[in-house]
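These notes are about the structure you will find just below.
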Amino acid sequence: MRAHARAERLNDFEELPVVPVDADFKDRGLEAVGFRRKLMNWYRSHARELPWRGISDPYRTWVSEVMLQQTRVAAVIEHYENFLRRFPTIVALALASEAEVLAVWSGLGYYRRARMLHKAAQFIVRERGGVLPGTAAELRTLPGIGEYTSAAIASIAFGESIAVVDGNVERVLLRLTGRAEMATAAGRAFVQTQAAALVPRKKVDERGNAAGDHNQAMMELGATICLPRAPLCLHCPVYSMCRTRGEHVTPPRAVQKSRPAAYLLSLRKRGTVTEVLLERRADDASLMAGMYELPPLPQDAIQGREPLLRVRHAITNTNYYVQVFAASGPQDRGLRRAVPAAKDDLEWVRTNRLGMVPLTGLARKVLQRLDVMEVRPVRLPET
DNA sequence: GACGCGTGGCT
DNA sequence: TAGCCAAGCGT
C-alpha cells in the first residue's frame, strides 16, 4: 500500500522543497556528526514534556520504560504517577503483593509486564541490596528487561553509550537510508549497526546526558514526525538527509474482527456496604490470568433483554461489542443462574475495595462508567 | 522466528 | 460503526 503522506500533508504547498541529499549514505551510512546536531537541535525545542523526562531516579526510568513497551504515552501517563505514589521505591514494590501491583496496573494491559517488574524488584532487593544494576548487560538479565529496555535504562538513567532500537528507531533509520521496505533480519541488523554508529561516544556532553538524550530524540522523531502511515516530512529536522522522504510503502495492518460479549452486573447490600459479584479468571488462562472481571454471560441468556450499558472494548485485533446486564432485582434471578462459572470462581467484593482488586481493563471501565467504582481507584496507604 | 500478550482514543 | 494505531518480551 502506498503511503499518501506526501499528498495529504502538502495541501498548502505546490511540492516539497527541493533539497539535495547530503551524501550517498545508502552505502556509507549517515554522516553522524551532522545528523546528531540537526536531531538534537530539533529535540531541544520540540521534545514533549513527559513525567519521566528530566528525572534522576533510575527506578522511575525503569518503570516508565516497562510501561511504555507497546503502550501509548497517554495511557502510561495515567498510570505512571499513580504507580509511583503507591510504590515509590524498589523496596516498596518488592514488599507489595502481586495482586496489589496488578490492581495499580489495571487498564494498562500486558499484565505479564507488571508481574515481571514485581519479580525483578524482589530479586534486586534480595540479591543486590535494592540497587538497580547500572549497565545494559546486567539489566538485560532481569525479567521483563530485554534488548530495548536494557539499552534505554542504561543510556537514559546511567549515561551509557549504547544504541536504543525500538520500533520508532527502526522505522526512522530504514526510511532515512532508503531501505524502508526492508523489514527483514538483515534489515534489523543493518539498523542496529546504523544506530550504534550514530550514538554519541561521550558519556556526558556540555548539555548533559549525550547518549540518553540522543536515544530519546531518535524515538521522539519516530513518535511525533516519522509516523508509521503518514510521516510529517515537512517538519522533519533531518529531511535533507533522508532517502525516502515519505515516498515508500507501508506494511498492511492485520484485519480487525468484531465479536459480541455479555457480562452480568450483580449488586447486593450488606448493611451500609455494597458488594459486586466478580469472577476470577483461571490461573492458566492465556489472557489476563488470575484477574477479576464481571461474570460473563452466554449469548443465549440475554435474548430479548435490554442491557444496562453498551461499550466497545478492543483486545489486540478484536473489537468486542460488550453489553452489561443488571441483575439487582429478584426478577433477574434467571439471569444470575445463567452464569456458567463455577461457584469457587465467583466472589462478592465490596465496592469500596475495588481499587485494590486486580481488575481487567474492561471490568474497571464498566464499573467506573456505572459509578460502582471510583474513577480514582488507587487507595494510598494511610498517611 | 513466529506467536501470544491489552488497551482506548481517534476518526 | 469499525478500523487504525503505539517506547517489546518471553517462549
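Below, chains carry the letters A, B, ... as their sequence lines are ordered, and counting in each starts from 1. Just so it is clear, the structure is predicted and the values come from calculations on it, not from any experiment.
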Pairs under 3.5 angstrom only: tabulate donor-acceptor contacts from the side chains of residues 123-134 of chain A to other protein residues two or more places apart or in another chain.
from      : atom 1 : to        : atom 2 : distance (Å)
Arg128(A) : NE     : Val131(A) : O      : 3.4

Could you pull out every donor-acceptor pair under 3.5 Å between side chains of residues 218-226 of chain A and any protein atom, sequence neighbours left out?
from      : atom 1 : to        : atom 2 : distance (Å)
Glu220(A) : OE1    : Arg48(A)  : NH2    : 3.1
Glu220(A) : OE1    : Arg53(A)  : NH2    : 2.7
Glu220(A) : OE2    : Arg48(A)  : N      : 3.0
Glu220(A) : OE2    : Arg48(A)  : NE     : 2.9
Thr224(A) : OG1    : Glu220(A) : O      : 2.8

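Legend: side-chain hydrogen bond (donor to acceptor under 3.5 Å, both in side chains) pairs involving residues 90-108 of chain A, not counting sequence neighbours, sorted by first then second residue: Arg86(A)-Glu100(A), Ser97(A)-Glu100(A), Glu98(A)-Arg115(A).
In this structure, a donor-acceptor pair under 3.5 Å is present between the side chains of Tyr292(A) and Glu347(A). Side chains of Thr318(A) and Lys257(A): no donor on one and acceptor on the other come within 3.5 Å.
Looking at heavy-atom distances under 4.0 Å, Met67(A) makes no contact with the nucleic acid at all. Within 4.0 Å (heavy atoms only), Thr149(A) reaches sugar-phosphate atoms of the nucleic acid but no base atom.
Proximity of residues 46-54 of chain A to DNA chain C (heavy atom under 4.0 angstrom from any strand atom) is restricted to Arg48(A), Leu50(A), Trp52(A), Arg53(A).
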Per-nucleotide protein contact string for nucleotides 5-11 of chain B, where B marks a base within reach and S marks sugar-phosphate only (heavy atoms under 4.0 Å, - for neither):
BBBBBB-
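For Glu293(A), the side-chain hydrogen bond (donor to acceptor under 3.5 Å, both in side chains) partners two or more places apart in sequence, or in a different chain, are Arg281(A).
Under a cutoff of 6.0 Å and an axis angle of 45°, Arg268(A) and Trp348(A) form a cation-pi pair. For the pair Arg245(A) and Tyr239(A), the cation-pi test (distance below 6.0 Å, angle within 45°) is passed.
Ranked by how close their nearest DNA chain C nucleotide is to the 5' end, Glu220(A) and Ile145(A) are led by Glu220(A).
Regarding Arg188(A), its CZ atom lies at a distance of 7 Å from the P atom of dG1(B), rounded to whole Å.
When the C1' atom is compared between dG8(B) and dC9(C), the two are found 22 Å apart, to the nearest whole Å.
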